[in-house]
Amino acid sequence: MRQISYAQALNEAMAEEMRKDKNVFLMGEDVGVMGGWLGHTIGLYEEFGAERVIDTPIAESGLANIANGMAMAGKRPILEIQFGDFLGLAFDAVGNQGPKFRYMSGGELKVPAVFRSLQGGGFGAAAQHSQCVEAWFMNLPGLKIAVPTTPYDVKGLLKAAVRDDDPVLFLEHKALLGVKGEVPEEEYIVPLGKAKVVKEGKDVTIIALQNLVYHSIEAAKELEEEGISVEIIDPRTLIPLDSQTIFSSVKKTGKVVIAHEAPKRGGVGGEISAFITENCFESLKAPIKRVAALNIPIPFGIPEKYCLPNKDHIVKAVKELV
Amino acid sequence: MRQISYAQALNEAMAEEMRKDKNVFLMGEDVGVMGGWLGHTIGLYEEFGAERVIDTPIAESGLANIANGMAMAGKRPILEIQFGDFLGLAFDAVGNQGPKFRYMSGGELKVPAVFRSLQGGGFGAAAQHSQCVEAWFMNLPGLKIAVPTTPYDVKGLLKAAVRDDDPVLFLEHKALLGVKGEVPEEEYIVPLGKAKVVKEGKDVTIIALQNLVYHSIEAAKELEEEGISVEIIDPRTLIPLDSQTIFSSVKKTGKVVIAHEAPKRGGVGGEISAFITENCFESLKAPIKRVAALNIPIPFGIPEKYCLPNKDHIVKAVKELV
Amino acid sequence: MKYSKEQLVKMYEQLQLSRIFEEKLIELVAEGSLPGFYHLAIGQEAVQIGAVSAMDDDDYLVPTHRSHPAVVNRLELDKFFCELLGRYDGYNQGKGWEHVSSVERKVLPASGDLGVGAPLAVGYAWALKMDKKDSVVVCLCGDGASSEGNVHEAMNIAALFKLPIVFLIENNKWAISTPFSKQTAVDKLSKRAAGYGMKGVTIDGNDVLTVRATMDEAIAKARKGEPSVVEAVTYRWKGHFEGDPATYRNADDQKEVEEAMKNCPIKKFKAMLLQENVMTPEDMEAVDKNILQKIEDAIVEARKSPLPTEKQTVDYDAVYATNLGGDLV
Amino acid sequence: MKYSKEQLVKMYEQLQLSRIFEEKLIELVAEGSLPGFYHLAIGQEAVQIGAVSAMDDDDYLVPTHRSHPAVVNRLELDKFFCELLGRYDGYNQGKGWEHVSSVERKVLPASGDLGVGAPLAVGYAWALKMDKKDSVVVCLCGDGASSEGNVHEAMNIAALFKLPIVFLIENNKWAISTPFSKQTAVDKLSKRAAGYGMKGVTIDGNDVLTVRATMDEAIAKARKGEPSVVEAVTYRWKGHFEGDPATYRNADDQKEVEEAMKNCPIKKFKAMLLQENVMTPEDMEAVDKNILQKIEDAIVEARKSPLPTEKQTVDYDAVYATNLGGDLV
Ligand SMILES: Cc1ncc(C[n+]2csc(CCOP(=O)(O)OP(=O)(O)O)c2C)c(N)n1
Ligand SMILES: Cc1ncc(C[n+]2csc(CCOP(=O)(O)OP(=O)(O)O)c2C)c(N)n1
Ligand SMILES: [Mg+2]
Ligand SMILES: [Mg+2]
């Protein structure tokens, strides 16, 4: 099968959905003429024009509320927030407005907006340009959250998100933009709410998000050499969370490591761990470990590595369990 | 000892700290002439004047950033955000700016600002005026979070927060304003980071926040009649979290219920549960249960009760464990 | 006179519906029938009636928390009462309350957060423009709320993209306990408009015909892609919500209140209608009686509707339009 | 001439320090020594030098991401280079980078989020006023960032509370790929000021003496509690950051760039200084040489400093001022 990058897959998803449905369009800072600040929207402006690939002023909160308003009116806007970190400015709009309109209208309104953003570290870009922010939005009913890992998934999930009638926070990881993977030419979607078993195994379950999936694959190789068989699960979406797939793996292995790049305290690892304990307690043979960033702001430059989790942390956590 | 209300205790804490340190002052919407929209700041304007009890325009984000700037300049502002829900508008300022300046300055700057807000349900005030929002801010390094339950604690913790040199998010529960309790005349503080054993017991540990502490006390009475002995712990602050007190209770009982008013998914119950599992796995005799709001926006009016947790839910959860 | 007899009578009816409706709310609050907070616009009716009477049926309204006059004139009375009483047969199954909305009636929801309405309205207006619809959005906004960053971002973008929207700032001189003088140093909020390259005007919000004429023009311009800001100056007679004793108002403020009450927009309009022989006192009485009757009937009707049950409340189809199952853990 | 020879020479030095410093950054980026992104103000120096030369030592600067000219003239060169190189002996232990700050030097931090600097600066100015200090805060802000809600909220509050602050909007006509015409429909950003009851002026930002004179006056007024907005119009010669090929600029834009480069603020100022016999070519050469030498020395010095170790990075005392122990779980 052809191999394309995460960035290309993302781009294709938007292009295909825009071709298919004239109500779909893209807006955000520098998404148009420039083709995105990391080149990930290149070609869309040329194909769809300034009315459907809209360069906006710098106004995250206003724009996210605008997207809600557009969606309410029947449009399916994809709003790009340039860095995940800036979602803090749009927190109310993304978390507290869009997701509540439907319920507060007694089910009359719907808000099919997608809030895309590039999150994560790996560029040494310091505390306000490097964060993974999914956990900020986990306690807000009405929202859905996707955290795609592979080119295949980013394409399929984004298409699903665009077609979904609810607001979806769609967090891409910027360190993955260049990663290549198999993506079919044919149309497909990846439904929201279905986890992926990245690799089967029997001794320990690793539930990993985004670039920690890649670290986990490396860790698994190393562990396998020592005879430890690891199963890796990528939830792909956090709301809804595919508890079936997670629970059945936990029931098999009885041992769990959860790995994400956001800080450990308050990260989604807590929710996933609690959920497993609540539902699979009898199967657990060891404490659930979390591998995550330290609870400090992300340092600038090279020292970033002292803060963020990597393969070695995963290997260590797994070894502590077996 | 004299009994005063939560609102009065809160008020006294501010008055005392303002008398003690001229750098302390209060600002926010309607905190001055009106004495707070729920009367909780009455008398402060009269005593300290318009320069230290400042009625502001309606601008949560700007104000929270302003408080950061003031704090950096050596002031100790207490900024009131009228409803906890509106902290979404100030999310960036409270979570992503104030807490990071110190680290990003290499330890040169400090930001001793207190962001006070009244959160929670009980008034039937619907999805955007009733939320408990502590979990929104749990994944942000550099911030401290207090969630006082009693008149004694709200006073002692607020005084500690004002004297703390870091930004503190101080979330009062509005349904507790009228609750009375013992508060000494003499000066005292309640240090951040020390949980309180509300009630000792031996069969099950309930870790509860704010008004769920009161529900837990009621539940404990009922359970005691059936011979179930319950220990209740109020963490009082979430960052730092007093793991010692929690862990030693868990080691004693081996059974845990965590209760908070915010929605279950993504609530701080997840973090606390994961933390316990990680550290006290050997002691756990049963799954950790979470009692919390449903994952729906809070309904308007009377039906609010179908969404929020109460004593009965706690009783039920405990019984499932023993 | 610029307006036909029919139009003038209509405005009278709309003003009186607003006033009588809110007076009824006061009664209902007093007797304990209404849960929650009710923010009355008594004394400010000319602003919103000037606006709604200028709007086409296909134009959209974005209200605030103090928009009964506009909203009650766009909605069906009984379904609106149901909503305020939290009943399941309300426009929003009793879940909307003061945040009531109705797509059919082109009333969009009032967010619980001040200032949010402005960008929401801009988004809606933008969608209308994309669809080449001829509709305009009229976005209400308080003087206090105009300090919010969202309003700035919204106005700038509306002007930049030439969207069909009118920002109607209802300056009632108060934001809860905070007088206008403590909200901003500018004398006229309409001056903000120039900072975005839009037109802005400040008008007497207690004269319904002035508001109407201004809104006629602003809406017509908006329809052609020229958004603008209209600041209508009025006064909040009562407390922030019904039941607020407004003790934060000092003696000078009280004098202002009295002045404002003398300057009642409805009284003024009535006098004009009588003087110009548009209506007789008997006509008016008949209108008023009819309105009161309708309101009372609607309340009786609304009271028959049940509160939402637990099942209707915990309804994931009302939370998610694409319900992917479970409680979306 | 309004300014003394000494003052004029100082401005020349400041302009040249800015230019030569940034040219050195280009070299360092090219050779791969500098991590991260560097936003150059080459061609815009007159704006910030006009401002910093007008500031007292006790006045505070709130920079943005494109503020090397202002910042390099307030900081010690070697400690600044350390910071940009991410070394532990930098102003902020290498943790600040382009967000460098120094309380001693009265340079406040530039947030990673656009627009945040405005309310931060307002808060600082308010604290200064409370303490009855005589200092003023000069808050830099880009044309693009001025669309942010935080800027609106900040300006309104500054004007309302009569705070000692000048908002200096550096309009370089671009925000990354977005030209000014796509950010707002207003022609002059200074028109925003009137919406808050403040004074606002738009000036030629390529003429350092115009900026200086305007800032002299604005700062003097701010010191008396009259905040204002100064928009200085200039042009961004280069890409958004060093290395950005700026392919989003079309042929017309390129022409604008060329025009702007012809209109170099330093060249202009030099010509004036020569013509008015303030400096000779030899004087200038000596100044330039001296600056270059200092920069090179500073780089050598900075390179001797180590990167932060793991322990220095994971330092909870640098996270919390009241460190309550552990990792504050
Ligand atoms: C973001 C936000 N901040 C604060 C509030 C609380 N609040 C509700 S109404 C109000 C005053 C609004 O004043 P104004 O905009 O002038 O409208 P008015 O009440 O005068 O109609 C305030 C502060 C809110 N609902 N949302
Ligand atoms: C809140 C926020 N949104 C977006 C960005 C990304 N960003 C960095 S600089 C920039 C353009 C800023 O333009 P302007 O304010 O004109 O400053 P200039 O770069 O021209 O100096 C953008 C969009 C950011 N840092 N913060
Ligand atoms: Mg008002
Ligand atoms: Mg610019």
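A, B, ... follow the sequence lines: proteins, then strands. Residue 1 opens every chain. Since this is a predicted model, take the numbers as computed values, not measurements.
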With a cut-off of 6.0 Å (strictly less than), are more than 12 heavy atoms of other residues, nucleotides or ligands near NZ of A:Lys196? yes
Contact leader toward chain A among C:Ser102, C:Ala154, C:Gly149, where contacts are heavy-atom pairs under 4.5 Å: C:Ser102
If one checks every heavy atom of C:Phe161 against chain A at 4.5 Å, the contacting part turns out to be side chain
What distance do C:Leu120 atom CG and A:Asn68 atom CG have between them, rounded to the nearest 0.5 Å? 7.0 Å
Top of A:Glu108, A:Arg102, A:Met104 for chain C proximity - count of heavy-atom pairs under 4.5 angstrom: A:Arg102
Is C:Asp327 close to chain A through its backbone or its side chain, or both, or neither, when contacts mean heavy atoms under 4.5 Å? neither
Out of C:Gln93, C:Lys95, C:Glu104, which one racks up the most heavy-atom pairs below 4.5 Å with chain A? C:Lys95
Heavy-atom distance under 4.5 Å between the side chains of A:Lys144 and C:Leu328, does that happen here? yes
Checking an interface table here. Which of residues 91-98 of chain A come within a heavy-atom distance under 4.5 Å of chain C? A:Asp92, A:Asn96, A:Gln97
Backbone of C:Ala321 reached by a side-chain donor or acceptor of A:Asp165 within 3.5 Å: no
Which one of C:Asp315, C:Val62, C:Val137, C:Asp131 has the most heavy-atom pairs closer than 4.5 Å to chain A? C:Asp131
Can you tell which of A:Pro112, A:Pro77, A:Ser61, A:Gly74 has the highest number of heavy-atom pairs within less than 4.5 Å of chain C? A:Ser61
Contact class of C:Ser135 relative to chain A, heavy atoms under 4.5 angstrom: neither
Chain A contact via C:Leu128 - which portion, at a heavy-atom distance below 4.5 Å: neither
For residues A:Lys110 and C:Tyr320, determine if any side-chain heavy atom of one lies less than 4.5 Å from a side-chain heavy atom of the other. no
I need the minimum non-hydrogen distance between C:Met130 and A:Ile54, along with the two atoms involved. CE-CD1, 3.9 Å
So which bits of residues 14-28 of chain A come within less than 4.5 Å of chain C, counting non-hydrogen atoms only? A:Asn23, A:Phe25, A:Met27
Please indicate whether A:Glu51 has more than 12 foreign heavy atoms, meaning atoms of other residues, nucleotides or ligands, lying under 6.0 Å from its CD. no
Residue A:Glu271 versus chain C: region with a heavy atom under 4.5 Å: neither
Non-hydrogen atoms of A:Gly142 and C:Val319 that approach each other most closely: CA-CG1, 3.8 Å
So do C:Glu153 and A:Leu63 actually touch side chain to side chain, heavy atoms under 4.5 Å? no
C:Pro119 versus A:Ile66, closest heavy-atom pair with distance: O-CG1, 3.3 Å
Under 4.5 Å between any side-chain heavy atoms of C:Pro109 and A:Met72, yes or no? yes
Chain A shares the most heavy-atom pairs under 4.5 Å, among C:Leu160, C:Asn323, C:Val151, C:Thr313, with C:Thr313
Heavy-atom side-chain contact between C:Leu324 and A:Asp164 under 4.5 Å: yes
Identify the heavy atoms of A:Leu109 and C:Ser101 that sit nearest to each other, and give their distance. CD1-OG, 3.9 Å
Within the structure provided, determine whether C:Ile157 and A:Thr56 are in side-chain contact (heavy-atom separation under 4.5 Å). no
Against chain C, work out which of A:Pro240, A:Gly193, A:Gly107 has the most heavy-atom pairs shorter than 4.5 Å and name it. A:Pro240
Donor on one side chain, acceptor on other, A:Ser105 and C:Asn92, under 3.5 Å: no
Any idea which heavy atoms bring C:Ala127 and A:Ala73 closest together, and the distance? CB-CB, 3.4 Å
Pick from C:Tyr316, C:Tyr91, C:Trp126: which one has the most heavy-atom pairs with chain A under 4.5 Å? C:Trp126
